[in-house]
There are 2 protein chains.
Amino acid sequence: MRQNSEPSAAPSDLRADNRLQTETATGAIGYRLRRAQLNVFQKFLAIFDALKLRPAEYSVLVLIGDNPGRKQTEIAEVLGIKRANFVTLVHGLEERNLVERIPSAQDKRANALHLTENGKAFLADAQARHAALEEETVARLGGPAARAQLLSLLDRLL
Amino acid sequence: MRQNSEPSAAPSDLRADNRLQTETATGAIGYRLRRAQLNVFQKFLAIFDALKLRPAEYSVLVLIGDNPGRKQTEIAEVLGIKRANFVTLVHGLEERNLVERIPSAQDKRANALHLTENGKAFLADAQARHAALEEETVARLGGPAARAQLLSLLDRLL
DNA sequence: TATTGTTATACTCTATAACTATA
DNA sequence: TATAGTTATAGAGTATAACAATA
């Protein structure tokens, strides 16, 4: 390794306040999207930590609540979760008495997924907390019109 | 809560087309943000796969290019990368002859990071590809005004 | 033959603890 | 005492292959 032969006088890359030039690295749309998404996700995590519920688990509960009796593969596929990884996830929910895996009569290979009574109450609580977070997020955006505007712009990126 | 204005023939869990009800699970701002972000990121990955460059590595190169001579810790901190994980990342860039770790004369504990000549050329190529992707993304959004609108909305979520 | 649920496995990202050599 | 770089390690999240039971 060679020694540092830089001149000690402050060039343009050593700014007066000693802070880094970050504009090039952080100006892209992808980067800004990621930052905002991580920020919103972090608030989600903070709220749902109390319920020991992770984002994927919450999505699964909501989807089963709206679509009782579906197969594991169907629920997993909609959420972009691999069959293999879905097994562990749903077993965890079953151990917590939130979800039931009921062997299907029509297709003996398949399990029909249902929420337990306990799971329904738990989900209602979780959804209430989620709704409160959503409301706060809309408020930060500047109201329902701003929310619609954001979603419209985001949809153009799909 | 508003009434259901849908032309309701089938119950939500047994729809005629056998598709799942996904609106509850996928309507939230966080979810939509995540989808859009993943989509943009995927295009980024597709382009940068050819350069065998991962997002974090690209950010590091850009940041070193704009701020030559900085310590590993400084670069890592700005990007939210842990010191420990940054070591492997920067060693990989050094092995590819893109970055030099030059022992600092002032502080013998520290390494000053610089791009090699090869690294500068490589970064210029990567940035050209990135700029093309950014241009395409802005076009999909609907032009510079839409881009500004999106960034303004995203900033409200920080 | 194809599909469902499952196990095993591996790879990436991220996070923490602890060491060394300097400051 | 504190900091810079490093090593080791562990936990999530995600990916594929292969198997048994069933279609």
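Here is the naming used below: chain letters follow the sequence lines, and residue numbers restart at 1 for every chain.
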Which of these, A/K71, A/Q72, A/E94, sits in a side-chain contact (heavy atoms from CB on, under 4.5 Å) with A/L113?
A/Q72
Shared hydrophobic cluster, [X] / [Y] (ILVMFWY, side-chain heavy atoms < 4.5 Å):
{"X": "B/V40", "Y": "B/F44", "value": "no"}
{"X": "B/L79", "Y": "B/F48", "value": "yes"}
{"X": "A/L33", "Y": "B/L38", "value": "no"}
{"X": "B/L157", "Y": "A/L151", "value": "yes"}
{"X": "A/L51", "Y": "A/I47", "value": "yes"}

When you measure from the side-chain N and O atoms of [X] to the phosphate of [N], is any distance below 4.0 Å, counting only OP1 and OP2?
{"X": "B/K108", "N": "C/dA21", "result": "no"}
{"X": "B/T73", "N": "D/dG5", "result": "yes"}
{"X": "B/Q72", "N": "D/dT6", "result": "yes"}

Could you tell me the separation between the [atom1] atom of [X] and the [atom2] atom of [N], rounded to a whole number of Å?
{"X": "A/D107", "N": "C/dG5", "atom1": "CG", "atom2": "P", "result": "8 Å"}
{"X": "B/E57", "N": "C/dT14", "atom1": "CD", "atom2": "P", "result": "12 Å"}
{"X": "B/L79", "N": "C/dT14", "atom1": "CG", "atom2": "P", "result": "11 Å"}
{"X": "A/R109", "N": "C/dG5", "atom1": "CZ", "atom2": "P", "result": "9 Å"}
{"X": "B/I81", "N": "D/dA4", "atom1": "CD1", "atom2": "C1'", "result": "16 Å"}
{"X": "B/K71", "N": "D/dT6", "atom1": "NZ", "atom2": "P", "result": "13 Å"}
{"X": "A/R70", "N": "C/dG5", "atom1": "CZ", "atom2": "C1'", "result": "18 Å"}

Side-chain heavy-atom pair A/Q127, B/T24 within 4.5 angstrom cut-off:
yes
Interface with DNA chain C, restricted to residues 85-103 of chain A and to heavy atoms under 4.0 Å
A/V87, A/H91, A/R101
If each of B/A110 and A/R54 is mapped to the nucleotide of DNA chain D with the nearest heavy atom, which maps nearer the 5' terminus, i.e. the 5' end?
B/A110
When we call it a touch if two heavy atoms are under 4.0 Å apart, what does A/A84 touch: a base, just sugar-phosphate, or nothing?
base
So A/Q106, base contact, sugar-phosphate only, or nothing? Heavy-atom distance under 4.0 Å.
sugar-phosphate
Does anything in residues 33-49 of chain A reach DNA chain D, meaning a heavy atom under 4.0 Å, and if so which residues?
none
Ion pair check, B/R54 and B/E57, cut-off under 4.0 Å:
yes
Could you work out, with side-chain hydrogen bond (donor to acceptor under 3.5 Å, both in side chains) as the rule, every residue matching B/R32, not counting sequence neighbours?
A/D155
Which one, D/dT16, C/dA18, C/dA17, comes nearest to the side chain of B/R83?
C/dA18
